[in-house]
Structures are given as C-alpha cells and as structure tokens.
Amino acid sequence: MRAWLPDARGHRRLFSALSIDALGTGLFLPFSILYFTATTDLTLGRVGLALSIAALVRIPATPGAGMFCDRFGARSTVVVSNLTQAVGFFNYLLVDSFGHLLIAAVVVQIGNSAFWVAYPALVHDVAEGKRQESWFALITSLRHAGLGVGALGASLAVAIGGTNGYIAIVAVNALSFTVAAVLTRLDTSGATRTVSGNATPERDVPSAHAPTSGWASSLRDRPFLGFVVLNFGLALLSLAFGLGVPVFLVETVHLPPWIPGTVLAVNAVLGAAGATPVGAAITGRGRSGSLMASQAIVGCAFLAVLCCAYVPSAFGVCLALAAVVLVTLGELIQSLIVSPIVNDCATAASRGRYNSLSQMAFSIGDVVTPALMTTLLAHGPAAAWIPLAALATVNMLGIALLTNHLPAMRRRVNHPAPAEADSRG
C-alpha cells in the first residue's frame with residue numbers, strides 16, 4: 001500500500017490547505033440552511049429560494065472559471081476561489097435580509113465553482129501528469145477525513161453553543177478558506193522542474209507563457225463532449241443518492257430518523273478510509289473497465305434502496321447500510337478515474353476549459369436533481385429507483401462506446417501515457 005502512494009514530500013502545505021478547506025466545509029454543510037433560520041428572521045422558504053437562485057450562478061461561473069484557470073494557472077485559481085468563498089462566508093455572518101443572503105450566496109457559489117474547475121488541474125500539475133489516480137486517492141482520503149471531522153465538530157458546537165455555535169461554525173469556515181488560500185500560495189515546491197538540466201515552468205503557470213486554446217477548439221472535440229454528457233449521467237446518480245435516499249428512507253420506508261445521519265457518516269468514513277485501498281486495487285486495470293464496474297456497483301446500490309420498501313424494518317436498515325457501502329465504493333472508483341481522463345484529454349493551455357466542461361455536469365445536476373428526485377419519489381419506490389438503476393446501465397453502454405474514441409479512457413490506472421512510457425525508453 002505504501003509503495004502505491006505518491007511521493008508527497010514537499011507538498012505538505014498544499015495537503016494541509018485541502019484538508020483545512022474540507023474541514024471548514026464539513027462544519028457548515030450539515031447546517032447550511034438551519035444557520036440562517038436560527039440567526040435571522042428569514043423563513044425557511046425564503047432561505048431555500050435564495051440558495052436555489054444562487055446555485056444557478058454555477059452554470060455561467062463554471063466556464064468562466066475555466067478561462068480564468070487557463071489564463072492565470074490552476075494554483076492561482078484555487079487561491080482566488082478560496083479567498084472568494086472566505087468573503088462570502090464572512091458576509092454570512094452579517095446577513096439580515098433576503099437580498100444580502102442572495103449576494104453572499106452568489107459569491108460563495110462563484111468561489112466554489114472556481115475551486116472544482118481548478119482543483120483537478122492543480123493535482124495534475126503537482127503530479128506532473130503521472131500516476132494521477134494515486135494523487136487523487138490520497139487527497140480524497142484527506143478531504144473526506146476533513147469533512148467528517150468538520151461535521152462532528154459542527155454538531156458539538158451547535159449542541160453546546162446553540163445560536164452562538166452556529167455563528168462560530170460560519171466564522172471558522174470563513175477563516176478556514178483564508179488559511180487554505182495562504183497555504184496553497186506558499187506551497188511553491190515543484191513550481192519548476194528540470195528538463196535536461198534546465199529549469200522550466202511547471203504546467204500550472206499562466207497560459208500567457210504558453211499557446212492559448214480557445215473555446216472553439218475545445219467544443220470541436222466531439223469525443224470529449226460525449227464524455228461530458230456521460231459525466232452528467234455519472235453526476236446525476238451521485239447527486240440523486242445523496243438527495244433522495246435520506247428522504248425516502250424516513251418518509252416512505254419509515255426507518256428510524258437516525259438513519260440519514262448514519263448513512264452520511266458511513267459515507268464519510270468509507271470515503272476517508274477507502275480511497276487509497278480502492279485506488280491500489282484498481283491500479284493496472286483499464287480505466288474504462290473500472291468505470292463500467294463503478295456503474296454496475298452503483299446500479300446495485302439503487303436496487304438495494306428499492307428493496308428497503310418491501311422488507312421488514314430490520315432488513316431495511318441492513319439494506320440501507322449495504323447500499324451506502326456500494327454507492328461509496330462506486331463513487332470512489334469514479335472519482336479517481338474521471339478527473340485524470342479529463343486532464344489527459346486536454347493540453348496544458350486548455351485544461352481549465354476541459355475541466356470546466358466536465359464540471360458543468362455537476363453544476364447542471366445541482367439544479368436539476370432536486371426537482372427530479374421529488375417528482376420521482378412522489379410516484380412511489382419503483383418509479384424512483386428503477387429509472388436510476390437503468391441509467392447506471394445506460395452509463396455502462398456509454399462508457400463502452402466512448403472507449404473506442406477517447407485514448408485517455410483506454411489507458412490503465414496509474415500507468416503512464418504512451419508518450420511518457422516512450423520517453424522512458
């Protein structure tokens with residue numbers, strides 16, 4: 001296992017930044033709506049409306065972040081994204097009206113969009129394009145651990161401090177983004193690398209130092225656009241599970257109210273503990289085959305959720321826990337492979353745009369999935385979960401079709417690209 005992990009020496013500041021970022025997010029995420037109802041006079045409906053409108057900003061913000069990333073570099077974009085989110089969360093402390101909440105939430109969404117566009121590109125730069133899956137696995141473990149610890153800390157803060165606990169959560173979250181920005185900027189190790197004895201810029205330097213690549217060339221890459229459509233199917237299943245399963249288990253199956261919290265906790269623990277073992281297990285296997293396996297596993301998870309409605313409660317609890325184990329396994333495989341594929345499809349000058357196109361799947365999914373899941377759940381268990389299990393099968397078919405057109409999908413996990421292998425002679 002240790003031999004499989006990447007050599008992360010020299011990047012402690014960056015890893016600390018990503019962990020602190022996740023810790024702050026974990027603090028706020030469980031109480032992202034309750035905070036405003038507890039500290040302001042806004043109703044639940046007004047809070048939800050403001051946050052939903054702000055989420056729409058992700059759709060134009062995501063391609064904008066891609067252009068920014070290609071122009072100024074992945075590291076700079078991550079720093080700016082952290083500072084932007086810090087400004088937004090500091091404003092959350094001052095919210096006293098619907099308009100102020102909307103503006104602050106828009107700022108947070110813009111920063112969040114920029115982070116998820118630049119983060120995969122930054123990992124590619126730090127890894128120098130090699131063994132990306134192992135780097136993503138290590139960072140995924142750190143981020144899941146941060147999210148889990150943050151969620152636990154938030155629960156304790158609210159239990160002990162009440163309203164003051166809510167305020168402390170947001171203040172610490174804002175501070176965490178500020179600290180993460182500073183640490184990311186200070187992590188300059190690997191900023192240059194040596195080729196034939198000469199120092200050359202690492203790939204996260206601004207694209208002003210490299211040939212530019214506009215949207216036209218990116219949008220003409222039809223095989224990659226097919227992968228973007230596929231990624232929407234992958235994202236939809238991930239978002240649907242997190243949004244729909246907790247409501248379904250409590251409202252329809254009538255399982256105990258502690259089940260949703262347990263499901264989220266199991267997901268966080270398995271994400272933290274399982275990323276590196278999963279990465280090690282799929283090393284050497286084909287990316288496309290591993291992606292297909294992830295969808296088969298996720299499809300089984302949705303069928304397990306469906307069965308919860310037709311068995312006694314004790315079996316329902318066991319099936320629900322089995323489903324979260326399966327979906328976490330599938331999502332881990334998926335998360336370790338998708339970003340390296342996107343990075344390998346792009347050039348250094350277009351990596352931000354390519355990642356922004358890929359992230360659009362989640363930006364659109366964040367808007368579509370809540371309405372979709374509430375509609376499906378209103379028509380009963382079979383209407384909710386059988387279509388999603390069928391979508392997993394469709395995703396498998398899409399993966400098989402795209403593999404013939406995208407060389408990045410034909411590579412093996414943690415194996416070098418052909419050009420790299422040839423250069424090693």
Side-chain angles (χ1 to χ4, degrees), residues 59 62 219 221-245 247-248 267 278 282 285-309 319 322-342 344-345 354-355 357-411 413:
I59 295 176
T62 298
L219 295 175
D221 190 346
R222 292 185 179 180
F224 180 74
L225 293 181
F227 185 75
V228 172
V229 174
L230 170 66
N231 201 27
F232 177 73
L234 304 179
L236 188 62
L237 294 184
S238 295
L239 294 169
F241 191 91
L243 286 171
V245 169
V247 175
F248 174 75
N267 179 263
V278 167
I282 63 175
R285 300 181 184 276
R287 285 174 173 174
S288 61
S290 298
L291 265 184
M292 291 179 70
S294 76
Q295 293 309 287
I297 293 170
V298 170
C300 290
F302 282 117
L303 293 178
V305 172
L306 172 62
C307 291
C308 291
L319 281 173
V324 73
V325 171
L326 289 172
V327 84
T328 303
L329 175 59
E331 288 178 345
L332 282 175
I333 296 172
Q334 176 184 318
S335 67
L336 301 186
I337 294 174
V338 168
S339 290
I341 289 175
V342 176
D344 288 349
C345 286
Y354 271 63
N355 275 293
L357 287 171
S358 177
Q359 286 300 317
M360 280 293 286
F362 282 93
S363 298
I364 297 173
D366 282 336
V367 176
V368 171
T369 307
L372 174 65
M373 288 310 302
T374 52
T375 301
L376 292 178
L377 287 170
H379 289 82
W385 306 116
I386 290 179
L388 294 176
L391 178 57
T393 303
V394 172
N395 287 343
M396 294 173 67
L397 178 61
I399 293 166
L401 293 175
L402 279 173
T403 299
N404 294 326
H405 302 282
L406 275 182
M409 292 184 69
R410 295 197 294 270
R411 294 174 189 163
V413 174

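Computed from a predicted structure; not experimentally measured.
- Distance SG/Cys345 to CG/Leu357: 11.0 Å, rounded to 0.5 Å.
- With contacts defined as side-chain heavy-atom distances shorter than 4.5 Å, the pair Thr403/Ile399 qualifies.
- Between Asp344 and Arg287 there is a salt bridge, since a side-chain N of the basic residue sits under 4.0 Å from a carboxylate O of the acidic one.
- Ring geometry, Tyr354 versus Phe224: the interplanar angle falls from 30° to 60°, so the pair is classed tilted.
- Looking at Arg410, its side chain does come within 3.5 Å of a backbone N or O of Asn404 through a donor-acceptor pair.
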Stepwise side-chain contact (heavy atoms from CB on, under 4.5 Å) test for Ile59 and Val367: CA-CA 9 Å; Ile59 295 176; Val367 176; 4.2 Å; yes
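- Between Ala301 and Val327, the shortest heavy-atom contact is CB-N, 3.9 Å.
- With contacts defined as side-chain heavy-atom distances shorter than 4.5 Å, the pair Phe248/Leu377 qualifies.
- Proximity of Met373 to Leu388: side-chain heavy atoms (C-beta onward) are separated by under 4.5 Å at one or more points.
- Contact detail for Leu319 and Cys307: the closest heavy-atom pair is CD1-CB, 3.7 Å.
- Not a single donor-acceptor pair under 3.5 Å links the side chain of Thr369 to the backbone N or O of Asp366.
- Put simply, the side chain of Ile333 does not reach to within 4.5 Å of the side chain of Leu291, judged on heavy atoms.
- Annotation: side-chain hydrogen bond (donor to acceptor under 3.5 Å, both in side chains) contacts of Gln295 (sequence neighbours excluded): Gln334, Asn395.
- A distance of 11.0 Å separates CZ in Phe232 from OG in Ser363, rounded to the nearest 0.5 Å.
- When all heavy atoms of Ser358 and Val338 are compared, the pair lying nearest together is OG-CG1, 4.4 Å.
- One finds the CG atom of Asn231 at 11.0 Å from the CD1 atom of Ile364 (value rounded to the nearest 0.5 Å).
- Closest of all the heavy-atom pairs between Ala383 and Leu376 is O-CD2, 3.5 Å.
- Between His405 and Pro223, the shortest heavy-atom contact is O-CB, 3.8 Å.
- The shortest side-chain heavy-atom distance between Asn267 and Phe241 does not fall under the 4.5 Å cut-off.
- To the nearest 0.5 Å, atom CZ of residue Phe362 and atom CG of residue Leu239 are 6.0 Å apart.
- Here the OG-CG distance, from Ser339 to Asn355, works out to 6.5 Å after rounding to the nearest 0.5 Å.
- Across every non-hydrogen atom of Ala408 and Ile341, the tightest pair is CB-O, 3.8 Å.
- With rounding to the nearest 0.5 angstrom, the CG atom of Leu236 is 6.0 Å from the CG atom of Leu372.
- Under the 4.5 Å side-chain criterion, counting only non-hydrogen atoms from C-beta, Ile337 is in contact with Ile282.
- Looking at Thr374, its side chain does come within 3.5 Å of a backbone N or O of Ala371 through a donor-acceptor pair.
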